[in-house]
There are 2 protein chains.
Amino acid sequence: MSRDYAIFRTLGHHHPIRTEQHDSRWLNEPRFVHVQLIPESDNPEDDKIYFFFRENALDGEYSGKATYARIGQVCKNDFGGHRSLVNKWVTFLKARLLCSVPGLNGIDTHFDELQSVYLMNSKDPKNPFIYGIFTTSSNIFRGSAVCMYSMSDIRRVFLGPFAHREGPTYQWVPFQGRVPYPRPGTCPSNTFGGFQSTKDLPDDVITFARSHPAMYNSVLPINNRPIIIKTDVDYQFTQIVVDRVEAEDGQYNVMFIGTGNTSPPSLPPSLNPQALPSIPTPPP
Amino acid sequence: MSRDYAIFRTLGHHHPIRTEQHDSRWLNEPRFVHVQLIPESDNPEDDKIYFFFRENALDGEYSGKATYARIGQVCKNDFGGHRSLVNKWVTFLKARLLCSVPGLNGIDTHFDELQSVYLMNSKDPKNPFIYGIFTTSSNIFRGSAVCMYSMSDIRRVFLGPFAHREGPTYQWVPFQGRVPYPRPGTCPSNTFGGFQSTKDLPDDVITFARSHPAMYNSVLPINNRPIIIKTDVDYQFTQIVVDRVEAEDGQYNVMFIGTGNTSPPSLPPSLNPQALPSIPTPPP
């Protein structure tokens with residue numbers, strides 16, 4: 001919808017449901033990469049839809065412009081709220097997906113440009129393994145990484161502290177106050193609470209959900225680092241599929257990784273180490 | 001002085017003068033690289049000492065750990081203040097030295113690890129040209145850059161807005177209020193104001209100077225970008241000297257750049273693309 005980014009659902013005779021409009025806390029110039037329904041329990045009422053995307057970091061999350069990879073969630077049975085969130089998702093939450101290499105000096109190297117996602121089913125449909133392809137944001141240092149995430153880590157982040165700030169000049173901090181009940185992000189069902197529809201949610205839940213769409217903690221990859229990085233080549237990873245194979249010595253996950261055909265970063269002449277005539281001469 | 005970082009002066013029978021102790025706003029684990037006296041006017045009373053260093057970004061300047069390159073200043077004739085800044089510099093200010101390559105996507109690639117500085121004299125001793133060697137902070141993407149700065153850009157930043165925040169959960173913003181007179185950072189002399197010694201400064205100047213040692217704006221390099229970057233090699237730049245030479249077709253600045261002998265970054269086995277057996281296998 002032009003500059004109006006949305007997670008949008010039309011569903012038969014129901015009114016369409018969408019994300020809050022023109023609110024960069026919800027979505028900030030996202031690029032959607034993947035979407036998947038993942039059950040939360042044996043009760044289909046608890047099913048959630050997960051969105052994988054990259055978007056601009058929120059104002060104040062970073063001193064400069066940056067891309068963050070995100071995972072977002074809504075409940076399958078979200079029919080919007082009332083008052084301030086009529087026909088808007090009331091169970092939308094998002095968290096940062098980190099894919100970084102720890103630095104010896106404490107300064108990590110981030111792969112933030114989420115390119116694609118593959119979900120490998122395990123025997124438990126509630127817990128697929130998630131493989132993500134990430135590239136760097138820099139046009140000078142180009143590299144790719146594969147990170148792997150578990151649903152339990154993702155659910156733990158969505159059950160953790162909400163990101164909160166008082167006003168535009170405050171920093172984002174973990175919300176320390178009382179979170180209203182039922183906790184925003186919980187699906188209406190008999191599994192985790194007694195309410196029947198998102199339209200029944202109390203006012204304080206709606207108000208809180210509207211202003212707290214982001215989680216404070218990031219989802220870390222398994223083992224806290226990529227399983228592969230590739231930095232010394234002139235192409236980048238674009239797609240991944242993973243297959244489980246049985247071998248004599250056990251099970252293996254075999255990754256099939258597609259690459260683009262990008263040429264090495266082309267530098268303007270003034271940045272090319274081989275071309276130095278353009279150095280400004282100080283006035284005499 | 002162990003973990004107590006300071007810019008410290010002993011001067012004959014005068015009491016030593018130093019930076020505020022245990023205040024990360026003043027110095028945050030700095031590594032000093034260069035120091036230089038540079039005249040501000042024809043009056044030696046206005047002379048300033050400039051410090052070039054790198055240090056940890058201030059809490060809240062960056063969502064994570066980061067190194068920033070800095071230029072700091074004190075007046076040669078700073079003899080400390082009174083009340084809260086007795087025997088402390090009252091003219092200390094610092095600003096970030098940026099050496100970044102603009103990104104096509106608005107996300108810049110930063111070279112923040114200031115390694116060395118060379119000042120090339122021009123005919124005007126007040127306006128040497130400043131060459132800095134910078135390297136990247138990442139242990140995955142290693143590169144070097146040379147950036148060039150003018151004193152007029154540096155003075156403009158020190159005369160610009162002070163970095164300000166209300167409390168630990170606020171962001172750093174440009175200070176919008178009334179800056180006390182004489183402006184903190186000005187040297188006592190007859191050139192720019194009538195006061196005779198830093199010890200004569202009014203209380204409000206001392207109080208403001210103590211809590212506002214950093215400028216809000218960064219010093220940008222000439223042409224807003226490095227004059228050289230080097231990214232595809234297994235060594236990094238360490239030192240620079242610049243010579244002015246006359247040629248038939250005009251004047252040239254010839255840079256002599258020293259390099260280290262670092263080996264390529266050694267990755268732990270799990271990050272080596274050639275060694276993939278350590279991928280965790282999801283539970284069946």
Side-chain angles (χ1 to χ4, degrees), chain A residues 57 60-67 101 103-110 120 122-124 127-129 136-141 143 148 150 165-166 168-173 222-223 225-231 244 250-253 255 267-268 270-271 273 276 278-284, chain B residues 57 60-67 101 103-110 120 122-124 127-129 136-141 143 148 150 165-166 168-173 222-223 225-231 244 250-253 255 267-268 270-271 273 276 278-284:
Chain A
E61 276 189 316
Y62 186 89
S63 59
K65 201 171 170 181
T67 300
V101 181
L104 296 173
N105 44 11
I107 302 176
D108 298 346
T109 301
H110 297 287
M120 189 176 70
S122 66
K123 289 215 174 116
D124 177 2
N127 290 302
F129 272 82
T136 50
S137 299
S138 168
N139 56 340
I140 302 294
F141 297 106
M148 197 176 163
S150 76
R165 70 171 177 178
E166 294 288 336
T169 63
Y170 280 77
Q171 292 186 63
W172 290 92
V173 295
I222 290 173
N223 292 335
R225 53 171 63 227
I227 51 176
I228 306 180
I229 61 170
K230 192 79 178 166
T231 60
R244 174 81 58 81
Q251 279 189 329
Y252 286 84
N253 298 339
M255 288 181 273
L267 301 178
S270 66
L271 288 176
L276 295 179
S278 62
I279 299 166
T281 304
Chain B
E61 276 188 314
Y62 186 91
S63 60
K65 200 171 171 180
T67 300
V101 181
L104 297 173
N105 44 10
I107 302 176
D108 298 347
T109 302
H110 296 287
M120 189 177 69
S122 66
K123 291 215 172 115
D124 177 2
N127 290 303
F129 272 82
T136 50
S137 299
S138 167
N139 56 341
I140 302 294
F141 297 106
M148 197 177 164
S150 76
R165 69 171 178 177
E166 295 288 336
T169 62
Y170 280 78
Q171 292 186 62
W172 290 91
V173 295
I222 290 173
N223 292 336
R225 54 170 65 228
I227 52 177
I228 307 180
I229 62 171
K230 192 79 179 166
T231 60
R244 173 82 57 81
Q251 280 191 329
Y252 286 84
N253 298 339
M255 288 181 273
L267 302 178
S270 66
L271 289 176
L276 295 179
S278 62
I279 299 166
T281 304

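Numbered from 1 within each chain, the chains take letters A, B, ... in sequence-line order. A quick note: this is a predicted structure, and the numbers were derived from the prediction, not measured.
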Applying a strict 4.5 Å limit to non-hydrogen atoms, the region of B/T67 in contact with chain A is both
Please round to the nearest 0.5 Å and tell me the distance separating atom CZ of B/R165 and atom OH of A/Y170. 12.0 Å
For B/K65 and A/N105 the tightest heavy-atom approach is NZ-O, 3.7 Å
Supply the atom-to-atom distance B/L104 CG to A/S137 OG, rounded to the nearest 0.5 angstrom. 12.0 Å
Are A/N139 and B/T109 packed together at the side-chain level, in the sense that at least one heavy-atom pair is separated by less than 4.5 angstrom? yes
